Amino acid sequence: MPGRHFLQLPGPTNIPDRVLRAMDRPTIDHRGPEFADLSRAVLRGLQGVFRTQSNVIVYPGSASGGWEAALVNTLSPGDRVLMFDHGFFAAQWRRVAERMGLVVDEVACDWRRGIDPALVHDKLASDTSHQFKAVAVVHNETSTGVTNRIADVGRVIADTAHPALFLVDVVSSLASIEYRHDDWGVDVTVAGSQKGLMLPPGLCFNAVSAKALEASKAAGLPKSYWNWEDMLAFNRDGFFPYTPATNLLFGLQEALVMLENEGLPNVFDRHHRLAEAARSAVDAWGLEFYCERPADRSDTLTAVLVPDGHDANRFRSIVRDRLDMSLGGGLGKLKGRLFRIGHLGDFNELMLSGTLSGIEMGLSLAGVPHEKGGVAAALEYLIGSVP
Ligand code: PLP
């Protein structure tokens with residue numbers, strides 16, 4: 001099809017031309033001084049994005065590898081982990097934990113709203129013998145479009161004085177929604193390259209607190225590729241214990257410059273404003289948000305239910321085949337029930353307008369009942385909220 005494909009998944013996201021150009025160069029000697037300069041710059045820049053003074057580890061791997069790395073470096077076989085059934089990705093992380101030989105205590109939650117920090121408080125306060133070695137939460141559940149209040153969860157963990165490590169997945173929120181690894185008391189933050197960082201898939205990250213590093217000394221789960229100790233020892237001189245994803249690091253360096261130039265607070269404001277505009281469109285269409293609580297709605301994606309008797313995947317296929325736009329679908333038990341609009345990363349007002357236009361056309365083409373005027377409502381919002 002002529003023109004550009006609209007990649008409006010909640011990740012992978014659109015890659016800026018600047019990042020593509022930065023990666024389009026010969027791979028350099030990963031044991032030489034030029035590489036050491038590159039990795040030092042990238043590791044320093046990442047600390048700013050994660051809002052941490054501690055180490056950020058970069059692996060060649062998808063974010064699922066980052067989940068595994070967070071667990072195997074901090075825990076021992078049979079350790080108990082407190083997790084919450086709050087979405088598809090939270091469930092995937094639980095599966096990784098169980099496969100690693102951990103014992104997961106999963107708390108049932110309503111997928112349509114954020115985790116109640118009071119629930120975390122109660123679970124930890126009643127664990128007087130400190131059985132839980134870690135608490136794991138997904139900041140932004142990409143399957144549901146719900147954002148959790150990590151600062152509040154971190155606060156209740158601190159209030160209980162429970163020694164459990166706090167592990168947080170920011171795969172679809174980093175560099176898009178405010179996040180503070182140090183201030184919010186997080187011990188391991190897990191992220192990936194393909195969303196807010198505007199890179200292709202292929203890198204994952206662990207930001208590691210001093211407490212997590214201390215815990216890693218006694219952690220008994222087997223590990224080799226994911227071993228923090230090896231990685232940190234090599235990183236000290238600007239190197240990696242194995243062949244790094246050098247060209248992705250070129251791209252990351254450029255993406256970090258772009259984020260710094262825009263300024264993280266402005267990046268967050270831009271995401272919020274575009275998300276509000278998208279939500280205005282959904283409201284005007286008269287469609288239902290999967291996330292029931294407005295305050296919990298994500299600024300990086302919006303999950304929209306289709307009315308009963310309609311298939312969200314058929315709608316998505318029509319949008320893809322006729323209009324050349326990819327939207328996210330329902331995952332797991334939500335298959336066919338909703339579509340997800342990605343509005344994160346390298347994204348602006350006109351890209352959003354095109355995206356919403358495609359959805360409004362697609363709803364008509366697919367015969368999904370809706371009111372007209374979603375695009376107009378979003379444009380009104382954007383006009384009225386020019387920074
Ligand atoms: N966590 C969240 C919140 C995600 O959205 C995803 C993927 O979309 C993952 C983890 C897994 O990431 P990956 O597919 O890169 O392994």
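If you're wondering where the values come from, they're calculated on a predicted model, not measured in any experiment. Position 1 is the first residue of the sequence; numbering continues from there. The analysis underlying the following values was restricted to heavy atoms, covering all of them including side chains, and did not include hydrogens, waters or symmetry mates. Counting convention: from 1, in listed order, for ligands and their atoms alike.
Under the 6.0 Å distance and 45° angle rule, Lys333 counts as a cation-pi partner of Trp111.
Side-chain contact annotation: Asp296 with Thr147, donor-acceptor N/O pair under 3.5 Å absent. Side-chain N/O atoms of Ser326 and Arg320 include no donor and acceptor closer than 3.5 Å.
Residues in residues 107-122 take part in these salt bridge (charged side-chain N to carboxylate O under 4.0 Å, His left out) pairs, two or more places apart or across chains: Asp110-Arg113, Arg112-Glu288, Arg112-Glu292.
Residues with a heavy atom under 4.0 Å from ligand 1: Ser62, Ala63, Ser64, Trp67, Phe89, Val138, Asn140, Thr142, Asp169, Val171, Gln194, Lys195.
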Check: residues 87-102 side-chain donor-acceptor pairs under 3.5 Å, at least two apart:
unit_1 : atom_1 : unit_2 : atom_2 : d
Arg94  : NH1    : Glu106 : OE1    : 3.1
Arg94  : NH1    : Glu106 : OE2    : 2.7

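A search for ring pair (Phe, Tyr, Trp, His ring centres under 6.0 Å) contacts involving His130 returns His162, not counting sequence neighbours.
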